[in-house]
Amino acid sequence: MANGYAGKILKVDLSTKSIEEIPTEKYESWGGGHGMGSAIFWDLCKDKTVKGDDPGNVITLMTSPLSGTPAPSVAGRTEVQAIGLQGYPVGWYTRSNFGGRFSSHLKYAGWDGVVVLGKADKPVWINVVNDKVTIEDATGLWGLDTRETQEEIWATVNDTAEVGDWRGLGTSRDAGRSTQRPAVVTIGPNAEKYMPMASLVHDAGNGAGQGGMGGVFASKNLKAISVLGTGGVSIADPNALLAAREWAYQFAYPGHADEPMSAIGMFPFSANPNSAVGNYAAGVSSRPQGCVGCIRTCRGRTSTGQGNESNCLDFIWYDVHDKAVHGGKITSATAQAADSLQRYGINSFAMEAVMLWFAALRKQGLIGPGREIDSSLPFEAWGTAQFAEALCNSVATQTDVGADLALGVAQCAKKWGRLEKDLKSGILPLQEWGYAHHYDARTEVEWGYGSIMGERDINEHDFNWVVYWTPTICGLYGVEPIVSAERLSQIIAKKGAPYNDPMMADYSDEGIYSEGMAKTVAYHRHYTRFWKESTLYCDWAWADFVNPYGPDYEGITGEGEPKFFNAVTGKNLTYEEGIEIGRKIWNLDRAVWILQGRHRDMEVFADYNYEVGAVPGTTTYEAPYTVPVYEKGVWSYKSVAGRKLDRQKVEDWKTKFYALEGWDTSSGWPTRATLEELGLGNVADALEQAGKLGAA
Amino acid sequence: MADNDKKEPAGPAVKESAEMSRRQFLTGVGGAGIGLVLGGVLVKGFLLPDEVFAVPASDGYLLVDTKKCSGCTTCMMACSLAHTGEVNLSLARIQVVQDSFGAFPNDIEIAQCRQCPYPACVDACPTGANHVDTKHGNVRTIDASKCIGCERCVEACPFTPSRVQWNFEEKHSQKCDLCADTPFWDEKGGPDGKRACETLCSMRAISFTREIPRQNEDGYNVDLRGPSWDAFGFSGAGGASGGH
């Protein structure tokens with residue numbers, strides 16, 4: 001059937017070595033990606049209270065009907081879900097996501113996803129070549145880094161690591177041919193020893209970093225999954241899809257390549273190519289590089305080969321330290337630091353928190369040779385490639401301070417007796433659930449609220465570009481953003497279904513505790529769960545709220561997402577219906593967390609968010625926070641830097657949020673009525689059986 | 001009926017001589033010159049005195065900028081979708097091969113059909129399936145109904161990877177026709193229309209010309225980066241900003 005789905009999901013039980021197929025149709029109502037992953041996890045993970053490294057954990061790597069298609073900035077993403085290992089104090093059931101080619105090749109091989117259960121009795125990797133799936137011995141790969149592993153597997157699958165010519169995939173001439181390398185996702189060397197820090201890495205710079213998914217692989221004795229496909233993805237309406245892609249170009253760089261966008265601010269869908277270029281040393285030439293089907297091409301490949309395909313935190317965990325010791329200039333150290341992370345398969349966010357924490361500890365004279373935290377790391381080389389490599393190596397080899405960091409950052413701080421005091425002062429920037437401070441809960445509150453209501457740093461920039469970055473950058477330049485705060489509130493109201501309330505854009509001191517902000521967070525949770533994490537539209541191109549090329553600067557979110565989805569699937573799904581599926585997925589995830597022990601009492605930020613003002617630069621890389629506010633009947637952009645959260649007001653906001661979601665406001669648990677309305681009666685039964693169903 | 005008749009197979013000695021001439025023809029100025037002269041004039045191929053097979057020049061050619069390409073493979077997906085109704089990199093008539101770990105600019109190669117003035121693939125076909133389509137601007141293309149699956153055209157293409165592919169799903173050879181025949185794309189294709197790969201390229205790294213390119217790599221691999229490219233920092237002006 002031509003609907004974008006491959007039609008089957010690969011299920012591998014490493015304990016029994018069984019390889020089975022799950023009909024995709026069984027889970028198709030969830031859309032794809034995260035929705036399918038959660039539904040499969042719910043069905044196959046028998047005991048959802050086990051730890052992330054338990055063989056009973058189930059990990060899913062899911063695609064969407066749009067994977068492997070020319071829908072813009074969606075085809076390359078793979079959604080990964082499992083009980084995590086990075087979170088603190090609980091490694092909640094969580095998600096991560098990586099780009100590149102893996103999801104596309106999985107589709108071309110004929111699979112909508114991979115589900116891995118159990119634990120192999122020795123190191124293995126899974127080899128997928130079209131319908132042929134084998135479990136291979138990975139003993140010789142286990143100690144290799146992510147690049148070495150991929151090169152070994154490329155050579156094994158293709159007989160050589162070289163590319164360029166057509167290669168047959170079987171003895172028959174009709175078995176399929178390809179010029180492409182297998183797409184491999186792998187973990188770093190001996191990652192079972194640093195599981196909470198361990199990423200999944202694919203190609204040079206695609207990582208699923210947050211959550212400790214590399215650790216989940218390692219706990220299953222699973223080194224890598226390789227896929228190579230020569231099949232096709234059948235499209236319901238090919239002409240509509242091709243036409244839609246061309247339509248999109250009027251809102252994006254390809255339609256304006258001769259006169260690129262010059263508006264000041266951060267714009268996702270319409271951005272000019274390769275925002276990573278500023279992370280390369282002077283003199284390093286490069287190309288923009290994109291995941292499969294990307295119009296955003298946010299990263300690059302360089303003339304040195306350093307920093308290939310990395311972007312954002314891959315560099316930012318180190319760039320400020322590089323610049324600090326090199327006269328304010330980026331050197332090759334930043335790209336080399338990114339490569340160190342990628343090759344060891346270590347989460348960049350965790351390492352950014354470590355660097356900021358160690359910088360503060362150094363300033364206090366607490367870390368170094370013979371100090372309270374005794375370390376022989378080459379601190380004299382701080383900011384150089386040598387130090388970055390040494391720090392990453394210490395984690396990967398569990399030497400020096402790496403022996404404790406390998407336990408996880410929060411776990412390390414606890415072992416050192418510093419967790420509470422350093423979270424209170426803020427020198428240890430772990431904002432919620434042990435995850436590194438990313439965007440600030442005190443100022444850009446939808447980010448923080450979304451994270452604390454969920455299970456990890458949300459890492460979803462939908463609002464971030466328009467409510468924080470653009471007005472903040474414009475403020476630094478002394479220019480007005482292309483949309484006023486009032487116009488922004490109108491756009492957000494139009495996109496923010498089903499609430500459609502302009503007060504969703506109010507980030508004032510009152511607005512952040514309001515019903516409007518509860519709607520913002522609820523919309524954001526539901527929108528992303530379906531359109532971003534199930535359909536898999538890339539976070540760096542979608543949502544598109546504000547677009548310099550759009551009518552009155554309105555972006556294509558609302559129109560764009562279903563346009564491509566329906567062309568591929570032949571369905572007639574509306575934007576709002578997708579958001580409603582997202583609400584269902586969000587509630588299913590919530591149910592898993594509740595089975596794991598979640599209660600509203602746990603949903604609090606690290607102390608520094610209530611104790612210390614959001615001073616730019618002290619926790620991460622923020623500039624002064626300028627956001628839209630509605631005060632005294634007038635919309636404006638205003639700096640709210642220095643703001644602290646009020647504990648009681650946050651609690652009051654939580655009550656509003658729970659009520660809006662149809663959850664028990666005393667516990668934060670969903671009610672039967674809410675779950676049954678979503679078609680999740682079986683989930684309500686499970687919560688009731690566990691004594692954790694919300695009171696009506 | 002094929003648009004060009006095939007010459008009789010030559011004996012070994014003659015074939016060797018002819019191949020030398022073909023190579024000279026392919027790489028030399030004469031190839032382009034003759035193509036220009038013949039373009040749009042002749043319907044059928046003919047034998048030059050040294051047994052070089054010549055056909056009308058194509059009315060159009062794809063040019064690429066491998067330094068501008070982002071490796072997103074949208075061109076490959078668009079090509080296979082427009083022609084077959086499914087997205088299949090293995091059935092794309094343009095191939096992008098890349099090394100994730102490689103150093104720019106040698107990390108990417110784009111393999112597009114050159115619509116050769118002297119089309120070795122056409123010459124190699126024993127049935128006329130691989131032919132010059134005079135109804136669509138003399139593009140070199142495959143009549144699948146005549147393809148017997150010998151793959152001589154696949155082997156004859158002088159480039160790596162071969163720009164002629166074996167379609168292992170439909171069991172015939174296929175190659176770039178400049179979108180002259182795209183059953184799944186409503187746009188008019190061919191030299192007088194639009195090409196899916198060019199139209200949907202995210203980086204505008206593919207363009208089209210009616211002029212026969214110089215018969216070497218530089219003739220088909222051109223600079224499409226435009227004046228803004230250096231301003232983006234791709235030439236090495238980075239190193240100052242960091243951050244997002």
Side-chain angles (χ1 to χ4, degrees), chain A residues 68-70 108 147 163-166 173-174 176-180 203-204 230-235 238-239 242 245-246 254 257-258 260 266 272-273 275 277-290 292-295 297 301-305 308-309 312 316 319 323 329-330 621, chain B residues 67-74 77-78 80-82 84-91 95 97-105 107-109 111 151 160-162 165-166 168-169 171 184-187 196 199-204 226 228 232-244:
Chain A
T69 79
Y108 302 144
R147 177 173 179 172
V163 292
D165 204 356
W166 292 100
R173 76 171 182 173
D174 295 331
R177 303 177 188 185
S178 179
T179 64
Q180 307 292 299
D203 278 349
T230 60
V233 179
S234 294
I235 306 298
N239 183 66
L242 290 163
R245 172 103 185 188
E246 193 175 2
D258 293 334
M266 300 291 275
N272 294 329
S275 54
V277 74
N279 296 293
Y280 310 145
V284 175
S285 56
S286 65
R287 74 167 77 251
Q289 197 278 329
V292 171
C294 190
I295 60 163
T297 56
R301 293 203 195 106
T302 69
S303 53
T304 60
N308 274 10
E309 300 180 6
C312 196
I316 292 170
D319 68 341
K323 286 194 286 189
K329 297 287 187 184
I330 296 277
Y621 48 87
Chain B
K67 291 183 179 178
K68 197 180 186 191
C69 172
S70 74
C72 73
T73 64
T74 297
M77 295 190 289
S80 58
L81 183 57
T84 70
E86 69 172 35
V87 184
N88 187 331
L89 299 188
S90 294
L91 298 183
Q95 292 286 315
V97 292
Q98 51 191 319
D99 179 359
S100 178
F101 297 104
F104 168 79
D107 56 317
I108 283 183
E109 292 182 13
E151 294 194 61
T160 302
S162 174
Q165 303 109 39
W166 177 243
F168 47 85
E169 292 193 345
K171 324 297 185 199
F184 299 92
W185 193 33
D186 288 350
E187 299 283 352
T199 303
L200 296 191
C201 175
S202 301
M203 297 308 303
R204 298 300 188 220
S228 63
F232 287 150
F234 296 132
S235 60
S241 61
H244 269 285

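Proteins come first, then strands; the chains are lettered A, B, ... in the order of their sequence lines, and each starts at number 1.
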Undergrad: Could you tell me whether A:R287 and A:E309 have a side-chain N and a carboxylate O separated by less than 4.0 Å?
TA: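 A salt bridge is absent here (no side-chain N lies under 4.0 Å from a carboxylate O).
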
Undergrad: Which atom names give the shortest non-hydrogen contact between B:F168 and A:R173, and what distance separates them?
TA: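 Taking B:F168 first and A:R173 second, the nearest heavy atoms are CB-O, 4.0 Å.
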
Undergrad: So which part of A:D203 gets closer than 4.5 Å to some heavy atom of chain B, the side chain, the backbone, both or neither?
TA: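 Both parts, heavy atoms under 4.5 Å.
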
Undergrad: I'd like to know which of B:L91, B:I108, B:T84 tops the heavy-atom pair count under 4.5 Å against chain A.
TA: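 It is B:I108.
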
Undergrad: Can you list the steps and then say if A:S285 with A:Y280 is a side-chain contact (heavy atoms from CB on, under 4.5 Å)?
TA: CA-CA 8 Å; A:S285 56; A:Y280 310 145; over 6 Å; no

Undergrad: Can you find a heavy atom in the side chain of B:Q95 that is under 4.5 Å from one in the side chain of A:T179?
TA: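 B:Q95 vs A:T179: side chains touch.
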
Undergrad: Measuring heavy-atom distances to chain A, does B:S162 have an atom under 4.5 Å in its side chain, in its backbone, in both, or in neither?
TA: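 Both backbone and side chain.
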
Undergrad: Determine the option with the most heavy-atom pairs under 4.5 angstrom with chain B, choosing from A:T297, A:N239, A:I295, A:T69.
TA: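 Most pairs with chain B among the choices: A:N239.
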
Undergrad: Please identify, among B:K171, B:E169, B:E109, the residue contributing the most non-hydrogen atom pairs under 4.5 Å to chain A.
TA: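 It is B:K171.
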
Undergrad: For the candidates A:L242, A:V292, A:I235, which exhibits the highest count of non-hydrogen atom pairs separated by less than 4.5 Å from chain B?
TA: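 Between A:L242, A:V292, A:I235, the count favours A:L242.
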
Undergrad: Under 3.5 Å, is there a donor-acceptor pair between the B:S70 and A:Q289 side chains?
TA: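 Per modelled atom types, B:S70 and A:Q289 side chains form no pair under 3.5 Å.
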
Undergrad: Quick one: closest heavy-atom pair of A:N308 and A:R301, and the distance?
TA: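 The pair with the smallest heavy-atom distance is OD1-CA, 3.3 Å.
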
Undergrad: With a 4.5 angstrom heavy-atom cut-off, which part of A:S303 approaches chain B: side chain, backbone, both or neither?
TA: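 Contact with chain B involves both backbone and side-chain atoms of A:S303.
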
Undergrad: Taking every non-hydrogen pair under 4.5 Å, which of A:G305, A:S178, A:G290 racks up the most with chain B?
TA: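 Going by pairs under 4.5 Å, I would pick A:G290.
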
Undergrad: Chain A: which of B:C201, B:A196, B:G226 shares the most heavy-atom pairs with it under 4.5 Å?
TA: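 Looking at each option in turn, the highest pair count goes to B:C201.
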
Undergrad: Who among B:W185, B:F184, B:F104, B:F232 has the most heavy-atom pairs with chain A under 4.5 Å?
TA: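 With the most close heavy-atom pairs to chain A, the winner is B:F104.
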
Undergrad: So does A:A204 get a backbone contact from the side chain of B:S100, meaning a donor-acceptor N/O pair under 3.5 Å?
TA: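 Such a contact is found between B:S100 side chain and A:A204 backbone.
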
Undergrad: Please give me the minimum heavy-atom distance between A:P273 and B:F234, naming the atom from each residue.
TA: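 The answer is O-CZ, 3.6 Å.
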
Undergrad: Do you know which of A:A257, A:S234, A:C294, A:P238 has the most heavy-atom pairs with chain B at a distance under 4.5 angstrom?
TA: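 Among A:A257, A:S234, A:C294, A:P238, the one with the most close pairs to chain B is A:P238.
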
